Amino acid sequence: QVQLVESGGGLVQPGGSLRLSCRISGSPMDYYDVGWFRQVPGREREGISCIAGSGSRYYADFVKGRFTMSKNNAENLVYLQMNSLKVEDSGTYYCAAVRIDFGVVNKLDPNQYVDWGQGTQVTVSS
């Protein structure tokens, strides 16, 4: 089990940028697939991106070319750089982790993840 703490959310205008951070503690990140997810009230939580323990990256089609996920193994940090933000990107953003030996195939399925952070709010509005 790992603990995850997100930060970096806030209010930004359409077209702007934000960088979210997720600090992971309790185990080296290489043992985990780490994903970013978002949720809007009344809608199911949806997958945004994932960095697998192997280092491979996965993105939802609706963020490709705009969002970039990266990690700093030395500091156990995962980042989500969000550019060209749209109003519809608003929501609560969560990072989550699952051990790589669980063998998750669909890296963007939130139901496959075990450990979750508390979330950080992103609001895109003019």
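Remember, predicted model here, so these are calculated numbers, not experimental data.
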* **ILVMFWY cluster, Val104 and Leu108 together (side-chain gap under 4.5 Å)** => no
* Tell me, with the steps shown, if Cys50 and Val34 meet side chain to side chain contact (heavy atoms under 4.5 Å, CB included). => CA-CA 6 Å; Cys50 168; Val34 180; over 6 Å; no
* Counting distance only, does the side-chain N/O of Glu6 pair as donor-acceptor with the main-chain N or O of Gly119 below 3.5 Å? -> yes
* To do: Enter the distance from Gln121:CD to Gln39:CD here, rounded to the nearest 0.5 Å.
  => 11.0 Å
May I have the list of side-chain donor-acceptor pairs in residues 77-87 shorter than 3.5 Å, sequence neighbours left out?
from: Gln81; atom 1: NE2; to: Asn83; atom 2: OD1; distance (Å): 2.9
from: Asn83; atom 1: OD1; to: Ser17; atom 2: OG; distance (Å): 2.9

* Asked: When rounded to the nearest 0.5 angstrom, what distance separates SG in Cys95 from CH2 in Trp36?
  -> 4.5 Å
* To do: Please identify each residue that fulfils side chain to side chain contact (heavy atoms under 4.5 Å, CB included) with Leu11, with sequence neighbours left out.
  => Thr123, Ser125
* Structure fact -> Heavy-atom nearest pair, Arg43 first then Glu46, reads NH2-OE1, 4.0 Å
* Atom of Val5, atom of Gln118 and distance for their closest heavy-atom approach -> CA-OE1, 3.8 Å
* Could you tell me which non-hydrogen atom of Asp89 sits nearest to which non-hydrogen atom of Tyr93, and how far apart they are? => O-OH, 2.5 Å
* Any side-chain heavy-atom pair from Ser90 and Val122 closer than 4.5 angstrom? -> no
* Asked: Can any side-chain N or O of Asp115 pair as donor or acceptor with the backbone N or O of Val2 at less than 3.5 Å?
  -> yes
Give the table of side-chain donor-acceptor pairs shorter than 3.5 Å for residues 18-32, with sequence neighbours excluded, one pair per line with atom names and distance.
from: Arg23; atom 1: NH1; to: Glu75; atom 2: O; distance (Å): 3.2
from: Asp30; atom 1: OD1; to: Asn73; atom 2: ND2; distance (Å): 3.4

* Taking Tyr113 for the side chain and Phe37 for the main chain, is one N or O donor matched with an acceptor at less than 3.5 Å? -> no
* Check the pair Ile51, Asp33 against side chain to side chain contact (heavy atoms under 4.5 Å, CB included), reporting the backbone distance first and the verdict last. => CA-CA 6 Å; Ile51 286 185; Asp33 295 337; over 6 Å; no
* Measure the acute angle between the ring planes of Tyr94 and Trp116, then classify it against the limits of 30° and 60° as parallel, tilted or perpendicular. => perpendicular
* **Pair Met69-Tyr59, side chain to side chain contact (heavy atoms under 4.5 Å, CB included): steps then yes or no** => CA-CA 9 Å; Met69 191 171 177; Tyr59 296 96; 3.8 Å; yes
* To do: Would you please say whether a donor-acceptor pair under 3.5 Å links the side chains of Ser126 and Gln13?
  => no
